[in-house]
Amino acid sequence: MKKEKLSMIGHIQDTPRVLQKAYDQRETYMYDFCQAFATHSFRKIYFLGSGTSYHVAYVIRNIFTDILDIEGVCIPPTIFTYHENINPGNHLSKEEICVIGFSQHGDSISTCEALKKAHEDGYYTIAVSEQLDSVLETFGDAYCHLVCEEEEIGPETRGYTETIFQFYLLAIEIAKEKGILTQEAYRAMDQEAAKLASQLSIVVSESIDWYNNNRSEFLKMSKSSIAGYGYNYPTALEARLKFFETYARPCTAYEMEEQMHGPMRAYDQENYIFLIASEGDRELDRLKELVDYYKDVFTKHVFVVTCEDLPVSPRDLKFSVRTSDILSPIIYIIPFQVLSALICEDVGIDTKNSPIKKRYVSSHYPSQRHDNLSPDTQNT
Ligand SMILES: N[C@@H]1[C@@H](O)[C@H](O)[C@@H](COP(=O)(O)O)O[C@@H]1O
């Protein structure tokens with residue numbers, strides 16, 4: 001008998017376990033990646049991935065740029081392959097440029113083609129995947145294994161969160177080795193990660209409570225938008241992807257200020273607006289102003305998600321725990337993953353199975369797992 005797949009909410013509830021595992025078992029994945037940085041003086045790093053892995057790459061680009069003081073670039077892999085001027089003016093040597101490809105399954109065509117090109121052009125490449133012996137791995141000068149464990153269903157959640165956590169640990173380790181972080185600063189950042197891993201289950205259960213408290217209102221939602229800023233702009237992008245990938249109702253994502261530039265004609269009382277109120281001086285003040293404005297002019301359905309000290313309404317989610325701004329994407333994605341999972345359960349959308357029947361054109365190389373092996377599937 002076929003084993004029952006873990007549900008989407010099951011993966012989200014299982015995330016704290018794999019974070020703890022990433023923290024406890026770092027020696028299983030750290031060595032090769034840290035060696036690559038110990039033996040090279042990278043000055044520019046490309047972070048590439050598609051779908052959820054694009055947003056993973058975006059968050060990790062921000063973490064590496066801040067902690068390691070390097071130039072970081074995150075663009076879609078296919079732009080990298082066909083359009084990017086990787087080294088304008090040849091100011092850097094090839095050894096100073098590193099290209100990292102993230103793909104949980106290791107077989108997204110876009111990411112594999114980009115890493116292949118980087119490899120053939122002589123840049124240093126690192127492949128990152130959960131699946132071992134993947135196509136992606138063949139194009140990496142180095143390899144880093146993700147310890148998120150294989151996700152059993154299409155919409156990726158546990159792997160998104162774990163990858164960000166794992167690469168934060170890698171960034172602080174490299175920064176310590178290179179003398180960018182003092183021992184003391186390293187210990188503080190490491191402790192922040194340990195605290196987050198131990199408290200993430202609180203974030204999951206508070207997100208579930210938030211969903212249940214607003215359930216009847218959420219069930220009337222036909223269109224929505226999600227906005228964030230700073231470290232949580234990619235969180236808004238990933239939240240949109242997850243929500244659209246599952247619930248399938250129109251959803252947009254914006255950098256918070258960008259949301260004031262264009263979509264207003266499309267907004268009315270039917271719109272649900274989600275705002276991620278993460279750490280930020282002027283941005284947080286601006287958010288408070290926008291919440292009042294949106295409620296006054298467009299819709300009562302405004303939901304704020306925050307760890308910050310700001311006045312909240314019954315529609316909002318205020319976490320009882322918090323973390324550093326740099327680690328906060330790990331917290332702020334959870335309510336949107338939970339919303340996607342539970343609203344689908346409530347309206348009868350099966351997130352365990354893909355609605356796509358014809359797979360003769362696919363974003364992944366053919367495999368049993370992606371069910372895109374045979375051209376016959378075009379007739380099913
Ligand atoms: N629908 C899925 C996405 O959820 C996933 O993020 C993407 C990348 O997958 P991978 O991380 O394996 O490269 O593939 C598909 O498009």
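What you are looking at is a predicted structure, and each value in this text was computed from that prediction instead of being measured. Just follow the structure's listing: the first ligand is 1, and inside any ligand the first atom is 1.
- The closest donor-acceptor contact from the side chain of Asp296 to the backbone of Asp292 lies at 3.5 Å or more, if one exists at all.
- Judged by distance alone, with hydrogens and angles left aside, the side-chain atoms of Tyr168 form a donor-acceptor pair with the main-chain N or O of Met189 at under 3.5 Å.
- Judged by distance alone, with hydrogens and angles left aside, the side-chain atoms of Thr125 form a donor-acceptor pair with the main-chain N or O of Phe139 at under 3.5 Å.
- Although no hydrogens or angles enter the test, the distance criterion places no donor-acceptor pair under 3.5 Å between the side chain of Lys220 and the main chain of Glu270.
- Around ligand 1 you find Ser50, Gly51, Thr52, Ser53, Ser103, Gln104, His105, Ser108, Gly154, Glu156, Glu245, His364, each with a heavy-atom distance below 4.0 Å.
- When each of His55, Gln337, Gln104 is paired with Glu156, the side chain to side chain donor-acceptor pair (under 3.5 Å) condition holds for Gln104 and for no other.
- To the nearest 0.5 Å, atom OG of residue Ser108 and atom OH of residue Tyr54 are 14.5 Å apart.
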